[in-house]
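Here is the naming used below: chain letters follow the sequence lines, and residue numbers restart at 1 for every chain.
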There are 2 protein chains.
Amino acid sequence: MISKIIEHLLHYISLSSDEITAISESIPIQSFSKGSILLKEGEVSKHAYFNIKGCVRLYYLIDGEEKTTFFYTENQFITSIKSFTNRVPAHHFLECVEDCTLGVLSYEAEIYLLKKFPKFEYLSRILLEEELGHYQDMLSTYITTKPEDRYKKLLKLNPQLLQRIPQYQLATFLGVTPESLSRIRKRIIQ
Amino acid sequence: MISKIIEHLLHYISLSSDEITAISESIPIQSFSKGSILLKEGEVSKHAYFNIKGCVRLYYLIDGEEKTTFFYTENQFITSIKSFTNRVPAHHFLECVEDCTLGVLSYEAEIYLLKKFPKFEYLSRILLEEELGHYQDMLSTYITTKPEDRYKKLLKLNPQLLQRIPQYQLATFLGVTPESLSRIRKRIIQ
DNA sequence: TCCATTTCTTACCTTTAGTCAATGAAATAT
DNA sequence: ATATTTCATTGACTAAAGGTAAGAAATGGA
């Protein structure tokens, strides 16, 4: 089977067989069981990941409470960009919410790929532009809507996600406590 | 005087005199008076900007209310990335909060620069990585803190900004109404 | 300088979220 | 299968934010 990663990248760029080989060899595919920690607070992120299957969440540990700020699902790149590119400790955790199949790109492999195939600079730029667009949208959504609206939006645009993650993780992702999300759900149904 | 833009870019990359000339010619410097609208909701963003002097805010018009989601100050790039790169209408406005001096990069000029100097792909990637890092941090801050904490943080880390922008714009940026920000300020002082 | 406009503050009341504790449901492990 | 732990809901109370309206302060022109 042609890798899911290659398939995804072909949406953005054409790839020679050399390039496909290099990518396949540089980004090994690994399985992680539910609950696996990909990155701990205080560690320097050594890998970026491409999510082939499963769900990974990004969370902060603040006063003993986990605050989820992102869920990565199929066909998304998972990067703790500041830690990964600047080699500084991360302030968050990455955890598999489900059993996951991920492409694993080490820092060294990224450097190698970018050096060997300058074309990948273009690809990186395009992917980053897309990712940045998502983040601009998300930040705007946070500033301009209330938790209830964000829940409704998620319910409408991404109902499958709600089936995959526990509600207490969703709650902090929406910016409220689990109790409040429970009340929001109650309010909406009636 | 060497352009502020060149000066800024030299933090990331070395530039030949050819490259400096190309950048200088592709990114003309323009003045905008306070209140100027750089981008309207519904328009396709035709320019990216580099902020040499002044302050530009990004805001949404929602049910007749302006909700500010970003303030761009000196040495920041201003891009409505989704609209600019995908040639689709923006959902927000860009407005000068002060008299501004901006470098203006048209879509065509960006294409030209990237084509003529492949090295700029690298530069773009680095700048985007940095920008994405900021957005990841901001999103996290929004999810994990309350408005009062965000105000205190801004007061500590960027007190000058508070002197430059009206409080009702700051309020929506913090995710509250102007009245609530007024109450937060009162709470803190006492 | 004065007037008009804009911005900020305050008061009152309503709505929503946070906190803490208890209970019930669901998932997990042995 | 049962026991244990984890998760979701609910209630009672507290804290914070929203809505509305009025007035004070600041700003900007003419």
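Separation of the A:H47 and A:Y107 ring centroids does not fall under the 6.0 Å cut-off. The six-membered or imidazole ring of A:Y60 lies away from that of A:H91, with a centre-to-centre distance of 6.0 Å or more. For B:Y49 and B:F77, the gap between ring centers reaches or exceeds 6.0 Å.
A salt bridge between B:K34 and B:E98 is absent, with no side-chain N of the basic residue lying under 4.0 Å from a carboxylate O of the acidic one.
Residue B:E66 contributes atom CD, which lies 12 Å from atom P of C:dT6 at whole-angstrom precision. Taking atom OH on A:Y168 and atom P on D:dA8, their separation rounds to 8 Å, with Å as the unit. Residue A:L170 contributes atom CG, which lies 11 Å from atom P of D:dT9 at whole-angstrom precision. Taking atom CD of residue A:Q169 and atom C1' of nucleotide D:dA8, one finds them 14 Å apart after rounding to whole Å.
Open room surrounds CD on A:E65; 12 or fewer heavy atoms of other groups in view lie less than 6.0 Å from it.
With A:Y112 as the partner, the side chain to side chain donor-acceptor pair (under 3.5 Å) test is satisfied by one option alone out of A:K116, A:E108, A:E110: A:K116.
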**Study point:** Under 4.0 Å protein heavy-atom contacts per nucleotide of nucleotides 14-30 of chain C, with B for base, S for backbone only and - for none
**Key:** ---SBBB-------S--

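Of the residues in residues 158-167 of chain A, A:P166, A:Q167 come within less than 4.0 Å of DNA chain D through at least one heavy atom, sorted by number.
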